Protein chains: 2
Amino acid sequence: MTDERARTTVTQRAIDRVMEMITSGRLRAGERLPTERELAATLGLSRSSMREAIRALTVMGVLETRHGAGIYVTPLRPGDLLEGFGVLAEVARGEGLVDLLRLRRVVEPAATAMAAARISADALGLVREHLDAMAAREQVEDIVAADLAFHREIVAAAGSPAMSALLEGLSTRTFRARVWRAHRDEGVLPRTREEHERIYAALADRDPAAAHAAAAVHVAEVENWLRANLDEWD
Amino acid sequence: MTDERARTTVTQRAIDRVMEMITSGRLRAGERLPTERELAATLGLSRSSMREAIRALTVMGVLETRHGAGIYVTPLRPGDLLEGFGVLAEVARGEGLVDLLRLRRVVEPAATAMAAARISADALGLVREHLDAMAAREQVEDIVAADLAFHREIVAAAGSPAMSALLEGLSTRTFRARVWRAHRDEGVLPRTREEHERIYAALADRDPAAAHAAAAVHVAEVENWLRANLDEWD
DNA sequence: GATCCACGATTGGTCGGACCAGGGAAGGCC
DNA sequence: GGCCTTCCCTGGTCCGACCAATCGTGGATC
């Protein structure tokens, strides 16, 4: 029990040490850390290995480095920590993608419902703008951009950074572009537009239940499409 | 447009390059990558920087290194990619913690409902065992272990790796221990036990709606406790 | 001929030091 | 007093050497 885990790498131990400093409160959000060189000396490893540990904590969203200025602890907000997870949907394939969409079908309706209960008039106006932009544009890329902005605005109105960050990670531009292209080719764009309108209407009515249902229908639609087209994916 | 993003670090570019190799399908799940030295040479950077890029992709759950053997792409299952999630609840504080719990209140009931519809008799038996273990143990650490196992078993029965991984990340041993200790001191353990029993009963009845409600009540309970005790936290 | 083992080539892990590039504060110039 | 230069500190990159786990290979053994 003395030091059984010497089997792990020095870098991993450094990561754990810094994490422990943060969880224990010795390092607080926003605070600046010692120099790379100092940290390496203190924790007893080379600067190279220390840099790897710092890089790891950086992608985790725990630390943040500023060239020439120093290393800082991030504000540690859920958004910061979930930032690196935008990779998720990007690499998932086949059954894994379906699973991610299933998760989205659970979270997005809940977020939309929360938004319906507390969205401001200003935010609602922005949602309306994105909705109109979707209808006005021709290029798939533009439509997708408006689509993403539409959902992002709604989720943001829910007031849950964690849900925003999670859903952001579950949405990838390339995936959505593919879905839109397919929908266009299948001539079902009007139906998609109808779904979006229904979501907006529920928000405008400040009707959480209706918003929940409308969002669920919308995501389920995409999920079903993916399930039906899984074979020709990738 | 020639090479505008030379402003970023070489390591970041290497990360992007490897990610692109994966998303484009040139590197497939489980496949082995070239040597660190070869990769560095190919991408035109030093081995040190290349190692940092690899470390970053490792903590993201995209790559996996085996000392002496080589570097491999992970199976890229949602579970692999959400693994680093555990950090989240570990460092979150104050309002951020409440937000995470709010996310859990959305996801866990959904997973429990899905489990109710498809849980096997065997899995149900295990759930029962963990429930009994919770009641039988005295040490908070043991109770927490059984508590975690109880929820984990249920969520696993939902059959969604993404939800399992997410909820796993939202649950930390230290947080739960604190909650249990407080509940014990406040003498509300019987009520918690009752909530667990109700969840089990809904699963046994194969009643998704009841399971959803029971899980929601349970998580909301913890959320309310946290909200009430936020001031004395950390 | 099959099995086992020792050895060495391969590959990731660690180290130390040198040099480059961005930032920021001290101090001089106007 | 305000602006600008300068210099030092800090992260970013690179190199080359050595350590340690792995795995294939080929020879010894039965």
Side-chain angles (χ1 to χ4, degrees), chain A residues 3-19 21-22 27 29-75 80 83-84, chain B residues 3-19 21-22 27 29-75 80 83-84:
Chain A
D3 209 51
E4 203 61 49
R5 35 203 172 296
R7 304 219 25 135
T8 181
T9 73
V10 286
T11 301
Q12 186 57 49
R13 261 177 297 173
I15 294 175
D16 295 340
R17 290 283 295 275
V18 175
M19 274 298 288
M21 285 187 207
I22 295 176
L27 274 177
E31 193 169 340
R32 173 174 173 178
L33 279 72
T35 316
E36 285 184 351
R37 295 163 170 89
E38 282 181 50
L39 277 173
T42 304
L43 301 184
L45 42 78
S46 73
R47 193 184 160 207
S48 322
S49 301
M50 190 64 230
R51 273 188 62 81
E52 276 188 46
I54 294 171
R55 169 71 63 176
L57 291 162
T58 296
V59 302
M60 285 189 226
V62 174
L63 295 185
E64 178 185 0
T65 65
R66 300 177 207 162
H67 190 170
I71 311 168
Y72 296 80
V73 180
T74 67
D80 303 317
E83 191 176 318
Chain B
D3 207 49
E4 203 62 48
R5 37 202 171 296
R7 304 217 27 132
T8 180
T9 75
V10 287
T11 301
Q12 187 56 49
R13 261 178 295 172
I15 294 176
D16 295 341
R17 289 283 295 275
V18 176
M19 275 299 288
M21 286 187 208
I22 294 176
L27 273 177
E31 193 169 340
R32 175 176 169 176
L33 279 72
T35 317
E36 285 184 351
R37 294 162 172 91
E38 281 181 50
L39 276 173
T42 305
L43 301 185
L45 43 81
S46 73
R47 197 188 155 204
S48 322
S49 301
M50 189 65 231
R51 274 187 62 80
E52 277 187 45
I54 293 171
R55 169 72 62 178
L57 291 162
T58 297
V59 303
M60 284 190 224
V62 174
L63 296 185
E64 178 184 359
T65 64
R66 300 178 206 160
H67 191 171
I71 311 169
Y72 297 80
V73 180
T74 67
D80 302 317
E83 191 176 318

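Just so it is clear, the model here is predicted, and its values are computed rather than measured. We name chains A, B, ... by the order of the sequence lines, and we start the count at 1 in each one.
Toward the 5' end of DNA chain C, the nearer of the two residues A/Gly44 and A/Ala69, judged by each one's closest nucleotide, is A/Gly44. Annotation: of the two residues near DNA chain C, B/Thr65 and A/Arg37, the 5′-most nearest-nucleotide partner is B/Thr65. Comparing A/Arg55 and A/Gly70 against DNA chain D, the residue whose closest nucleotide sits nearer the 5' end is A/Gly70. Ranked by how close their nearest DNA chain D nucleotide is to the 5' end, A/Ser48 and A/Ile71 are led by A/Ile71.
The side chain of A/Thr11 places an N or O atom within less than 4.0 Å of a non-bridging phosphate oxygen (OP1 or OP2) of C/dT14.
The NE2 atom of A/His67 sits 13 Å away from the P atom of C/dC20 (whole-angstrom rounding). Computed from coordinates, the A/Arg32 CZ to C/dG23 P distance equals 14 Å when rounded to whole Å. Summarising the geometry, the separation between CD on A/Glu64 and P on C/dG23 is reported as 13 Å, rounded to the nearest angstrom. Rounded to an integer number of Å, the gap from CG of A/Leu45 to P of C/dT14 is 9 Å. Going from atom CD of A/Glu36 over to atom C1' of C/dG17 covers 14 Å, rounded to whole Å. Taking atom CG of A/Leu39 as the reference point, atom P of C/dC15 lies 14 Å away to the nearest angstrom. Atoms CE (B/Met50) and C1' (C/dG12) sit 13 Å apart, rounded to a whole Å.
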(request) Please lay out, stage by stage, how B/Met50 and B/Thr42 fare under the test side chain to side chain contact (heavy atoms under 4.5 Å, CB included). (result) CA-CA 10 Å; B/Met50 189 65 231; B/Thr42 305; over 6 Å; no

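In this structure, the side chains of B/Leu63 and B/Val73 come closer than 4.5 Å at one or more pairs of heavy atoms. Residues A/Met60 and A/Ile15 meet the side-chain proximity criterion, which asks for heavy atoms closer than 4.5 Å.
As judged by a 4.0 angstrom heavy-atom cut-off over every strand, B/Ile54 is placed among residues making no nucleic acid contact. Across all strands shown, B/Arg66 has heavy atoms under 4.0 Å from sugar-phosphate atoms exclusively, and none from any base.
Distance check: A/Ile22 CD1 to A/Glu31 CD gives 9.5 Å after rounding to the nearest 0.5 Å. Once rounded to the nearest 0.5 Å, the distance linking CG of A/Leu33 with CG of A/Leu39 reads 5.5 Å. Atom CD of A/Glu36 is separated from atom OG1 of A/Thr65 by 8.0 Å, given to the nearest 0.5 angstrom. Separation of atoms CZ (B/Arg55) and CD (A/Glu52) is listed at 5.0 Å; rounding is to 0.5 Å.
A side-chain hydrogen bond (donor to acceptor under 3.5 Å, both in side chains) with A/Gln12 is found for exactly one of A/Asp16, A/Thr9, A/Thr8, namely A/Asp16.
For the helix from C/dG1-D/dC30 to C/dC30-D/dG1, the rotation axes defined at the first and last 5 base pairs enclose an angle of 0°, given to the nearest 10°.
Of the possible polar contacts, none joining the B/Arg13 side chain to the B/Leu43 backbone as a donor-acceptor pair under 3.5 Å is found.
The span of DNA chain D lying next to chain B, judged by atoms under 4.0 Å from heavy atoms, is bounded 5' to 3' by D/dG12 to D/dT22.
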